[in-house]
Amino acid sequence: MPINPFKLERYFAKYEFNTKYMLSSSDCESLGMAELLQMASPASLELWESLKLGYTEAPGHPLLRAEVAKLYPNISPENVLIAVPEEAIFIAMQTLLAPGDHVIVLTPSYQSLSEIARSIDCQVTPWQLEPTLSGWELDLGQLERSLTDQTRLLVFNFPNNPTGYIPSRQDFDAIIGLARKHNLTIFSDEMYRLLESDSALRLPSVADIYEKGIALSGLSKSFALPGLRLGWLTTQDYGLIERWLAFKDYLTICNSAPAEILGIIALQNADQIVQRNLEIIRENITSAEQFFKKHQDKVVWNSPRAGSIAFPKWLGTESVEQFCQNVLEEQGVMIVPANLFDFPGSHFRIGLGRKNFSEALEHVDEYLGQ
Ligand SMILES: Cc1ncc(COP(=O)(O)O)c(C=O)c1O
């Protein structure tokens with residue numbers, strides 16, 4: 001089956017570089033080059049200054065894989081493959097799935113998590129996050145009822161894009177237990193991990209706790225470095241790493257040499273960078289709470305427990321698509337409506353990681369006050 005256009009990415013392609021206020025971006029305010037280099041140790045700075053711009057090692061720079069492995073108690077550097085995050089999803093799905101396989105995918109979520117499987121002629125069943133008045137809920141019973149003899153893969157993304165949902169540790173363990181009982185592989189998109197509002201909410205990585213678990217993470221969201229185009233797949237199953245490498249030869253082959261050194265510097269300063277991003281998100285959540293309280297007749301707001309995004313519900317008289325279009329045209333504020341996630345509710349996505357968040361809200365306020 002041909003692959004469908006990626007609705008969200010096509011929408012961003014249209015507006016991201018010509019719109020003043022990006023109120024739906026999922027990444028945190030990007031770090032500057034100077035800011036990052038200032039954090040570098042003398043040894044890393046030497047790596048940067050003496051760098052030769054040749055091809056690089058296909059699985060990733062050994063130091064970069066070692067830094068990534070430090071984030072996972074049970075993962076060694078050999079069990080890490082460095083790739084562009086979106087590329088990593090493509091590699092994993094193409095190597096794990098065959099036509100006719102059944103795949104269960106948490107929904108709403110990032111389109112490639114279901115679309116690639118669909119394009120391989122897999123049968124894809126959504127596992128629906130449900131909105132409630134106090135936030136999002138996940139029905140484990142629905143997951144169990146969706147299982148068939150053909151189910152090969154369970155795909156989820158916590159903290160979730162776009163809802164900001166994260167399950168309790170108890171529910172998470174129950175999901176892993178169910179996967180183990182049915183011998184399912186799990187693909188866990190952990191791009192927003194480390195951005196929990198309280199570190200007690202942080203879940204272990206699937207790669208650390210499940211023998212058939214694959215975790216995706218990267219520097220685009222929690223580390224505020226999307227322009228490096230660096231992410232990674234981790235798994236306890238070394239055989240998978242070899243299959244992924246063979247597939248990667250048909251994509252990027254290897255990673256960008258400068259990006260890898262900058263990635264090493266970022267991971268050596270992981271705590272500081274994540275802390276900086278959490279502070280931006282916390283401040284923006286405070287502004288959002290005040291703003292949506294003022295506009296509670298138009299929007300149902302629940303602050304997310306994790307991640308850099310939220311998915312509030314629009315209650316206004318015009319459709320949510322019309323609201324987003326009007327705010328874009330009249331105020332220069334880009335907001336993503338729920339239909340770009342194929343979600344039927346009147347929700348819209350709000351990004352909480354940008355420094356001009358309050359200024360963007362002032363423009364939405366002006367629109368709503370009209
Ligand atoms: C959940 C999720 N997974 C993967 C990606 C892909 O990351 P990147 O755009 O850095 O390739 C994104 C990007 O928005 C995302 O939100």
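Order of listing sets the numbers, starting from 1, for every ligand and every atom in it. Residue numbers count from 1 along this sequence.
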Mind checking side chain to side chain donor-acceptor pair (under 3.5 Å) for Ser112 and listing every partner two or more places apart, or none if nothing turns up? Glu86
Is there a donor in the side chain of Trp301 and an acceptor in the side chain of Ser303, or the other way round, less than 3.5 Å apart? yes
Which pairs of nitrogen or oxygen atoms, taken one from ligand 1 and one from the protein, are under 3.5 angstrom apart?
| from | atom 1 | to | atom 2 | distance (Å) |
| --- | --- | --- | --- | --- |
| ligand 1 | 3 (N) | Asp189 | OD2 | 2.5 |
| ligand 1 | 10 (O) | Ser220 | OG | 2.5 |
| ligand 1 | 10 (O) | Arg229 | NH1 | 2.9 |
| ligand 1 | 11 (O) | Glu86 | N | 3.0 |
| ligand 1 | 11 (O) | Arg229 | NH2 | 2.8 |
| ligand 1 | 14 (O) | Lys221 | NZ | 2.7 |
| ligand 1 | 16 (O) | Asn161 | ND2 | 2.8 |
| ligand 1 | 16 (O) | Tyr192 | OH | 2.7 |

Under the ring-ring contact (aromatic ring centres under 6.0 Å, His included) rule, what pairs show up with a residue in residues 166-221, not counting sequence neighbours? none
For Glu318, side chain to side chain donor-acceptor pair (under 3.5 Å) partners two or more places apart: Tyr367
Pair Arg118 + Glu115: basic N to acidic O under 4.0 Å: yes
Modelled atom types, side-chain donor and acceptor of Glu190 and Ser188, under 3.5 Å: yes
